[in-house]
Undergrad: 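Pasting in a structure now, in structure tokens, and then I'll have a few things to ask.
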2 protein chains.
Amino acid sequence: MDQTARIIQALERAGYQPTPNRRLVARLVAATGGHFTAAELLERGRRERVKIGRATIFRALDLLTSLRVVERLDLPTGAHAYVVCDPDEHHHHLVCSGCGRSEDVADGELAELVAEIAGRSGYRIEAHRLELFGICPSCAGGASGALS
Amino acid sequence: MDQTARIIQALERAGYQPTPNRRLVARLVAATGGHFTAAELLERGRRERVKIGRATIFRALDLLTSLRVVERLDLPTGAHAYVVCDPDEHHHHLVCSGCGRSEDVADGELAELVAEIAGRSGYRIEAHRLELFGICPSCAGGASGALS
DNA sequence: TTTACTGCAAACATTTTGCAGATGT
DNA sequence: ACATCTGCAAAATGTTTGCAGTAAA
């Protein structure tokens with residue numbers, strides 16, 4: 001099953017209608033290998049389909065965010081962007097500053113580190129977010145991506 | 001030396017004038033144990049001094065951000081806030097959702113984890129940001145903060 | 001006297017909302 | 001029929017900018 005279908009299914013499972021607009025947003029979101037802003041999505045949407053309103057994009061994105069199918073993240077520039085992601089496990093994002101591609105990174109050992117910080121500080125830590133920014137292999141190494 | 005003085009000194013060292021407005025911002029920023037938004041700062045500033053413009057607040061905050069005396073962070077709600085911090089070492093922030101207090105957390109073992117992620121993914125990681133949100137001991141435990 | 005700083009208001013960018021109409025169930 | 005969804009335009013936010021005046025070097 002491809003990602004577009006997964007997103008649409010998530011909508012249906014949550015009791016939302018898989019309307020043409022929402023399908024479009026799902027498709028656009030899935031077509032992105034990386035992050036995108038609401039404005040970009042609107043522009044791409046309008047290229048495919050004449051009628052889709054800004055508000056609809058934002059509403060669909062809110063919906064998908066609440067279903068954890070996409071996540072909102074903050075670029076180093078301060079701009080807000082979204083990335084598609086796996087709703088089932090806690091993870092973080094590694095974003096390429098070159099091409100915008102984004103990969104999920106498992107929480108892994110971070111959980112231990114967070115627990116340790118909790119112990120040391122006395123805080124009850126309820127949420128944590130790790131954002132990683134860098135250059136992906138293919139942006140770094142021309143075509144091959146092999147590091148010399 | 002107190003924090004207000006440290007901030008003013010950082011401005012002077014970088015060649016900026018320690019004007020009354022900037023001193024005010026330094027004082028307001030230092031008076032905050034935690035995070036604050038630009039709007040809050042403006043309001044507090046106006047309570048002390050009738051004349052200070054929104055733009056001046058933003059400009060001062062940008063300045064302090066570029067000097068790494070404050071850092072801009074993104075609350076889970078998506079709102080932008082600022083926290084005072086130590087310009088000399090790489091660290092992260094632990095923010096109390098109750099009172100807004102914020103503490104610096106040393107990068108510590110995170111560096112290793114980041115290096116490992118870099119190795120595994122092939123990305124050249126240029127920046128990373130860890131944001132922790134939780135409840136501080138005094139918000140959690142009533143007055144004493146002792147966990148039972 | 002030359003440059004840095006400031007307030008103001010306007011410009012801008014981004015996101016949200018109210019609402020009447022369209023669409024899906 | 002009924003609830004959900006949609007586009008639009010207006011409103012609410014949040015931030016930046018142009019500029020003329022003020023203060024500092």
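In what follows, every heavy atom counts, from backbone to side chain, and hydrogens, waters and symmetry copies are set aside. First the proteins, then the strands, lettered A, B, ... as listed; each starts at 1.
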Undergrad: Closest to the B:Arg59 side chain: C:dT16, D:dG18, D:dT16?
TA: D:dG18

Undergrad: For the residue pair A:His90 and A:His128, confirm or rule out a side-chain donor-acceptor distance under 3.5 Å.
TA: yes

Undergrad: When you measure from the side-chain N and O atoms of B:Thr19 to the phosphate of C:dT6, is any distance below 4.0 Å, counting only OP1 and OP2?
TA: yes

Undergrad: May I have the distance from A:Arg22 (atom CZ) to C:dT23 (atom P), rounded to whole angstrom?
TA: 15 Å

Undergrad: Could you state the atom-to-atom distance from CG of A:Leu61 to P of C:dT14 in whole Å?
TA: 14 Å

Undergrad: Could you check which of C:dC8, C:dC19, C:dT16 has an atom nearest any side-chain atom of B:Arg46?
TA: C:dC8

Undergrad: Verify whether one side chain among B:Arg44 and B:Thr32 offers a donor that lies under 3.5 Å from an acceptor in the other.
TA: yes

Undergrad: How many Å lie between CG on B:Leu41 and P on D:dG14, as a whole number?
TA: 14 Å

Undergrad: Starting at the 5' end of DNA chain C and moving along, which residue's nearest nucleotide shows up first, B:Gly53 or A:His80?
TA: B:Gly53

Undergrad: Nearest heavy atom decides the nucleotide; on that basis, is A:Ala39 or A:Ala55 closer to the 5' end of DNA chain C?
TA: A:Ala39

Undergrad: Using a 4.5 Å cut-off on heavy atoms from C-beta on, say whether the side chain of B:Asn21 contacts that of B:Arg49.
TA: yes

Undergrad: In terms of the nearest nucleotide of DNA chain D, which residue is placed more toward the 5' end: B:Pro20 or B:Tyr82?
TA: B:Tyr82

Undergrad: Could you work out which one of D:dT16, D:dG18, D:dT4 sits closest to the side chain of A:Gln17?
TA: D:dT4

Undergrad: So, does A:Ser97 use its side chain to make a donor-acceptor pair with the main chain of A:Gly134 at under 3.5 Å?
TA: yes

Undergrad: Rounded to the nearest angstrom, tell me the gap between atom CD1 in B:Ile57 and atom P in D:dT16.
TA: 13 Å

Undergrad: Output the rounded distance in Å from CG (B:Leu11) to P (C:dT6).
TA: 10 Å

Undergrad: I need the OH-P distance between A:Tyr16 and D:dC5, as an integer number of Å.
TA: 8 Å

Undergrad: Look up atom CG in A:Leu24 and atom CD in A:Glu48, then write down how far apart they are to the nearest 0.5 Å.
TA: 5.5 Å

Undergrad: Would you please confirm or rule out a distance under 4.0 Å between OP1 or OP2 of C:dA22 and any side-chain N or O of A:Lys51?
TA: no

Undergrad: Closer to the 5' end of DNA chain D via nearest nucleotide, is it B:Arg72 or B:Pro18?
TA: B:Arg72

Undergrad: Roughly how many Å is it from CG in B:Leu63 to P in C:dC5, rounded to a whole number?
TA: 8 Å

Undergrad: What is the separation between atom CD on A:Glu12 and atom C1' on D:dT4, rounded to the nearest whole Å?
TA: 15 Å

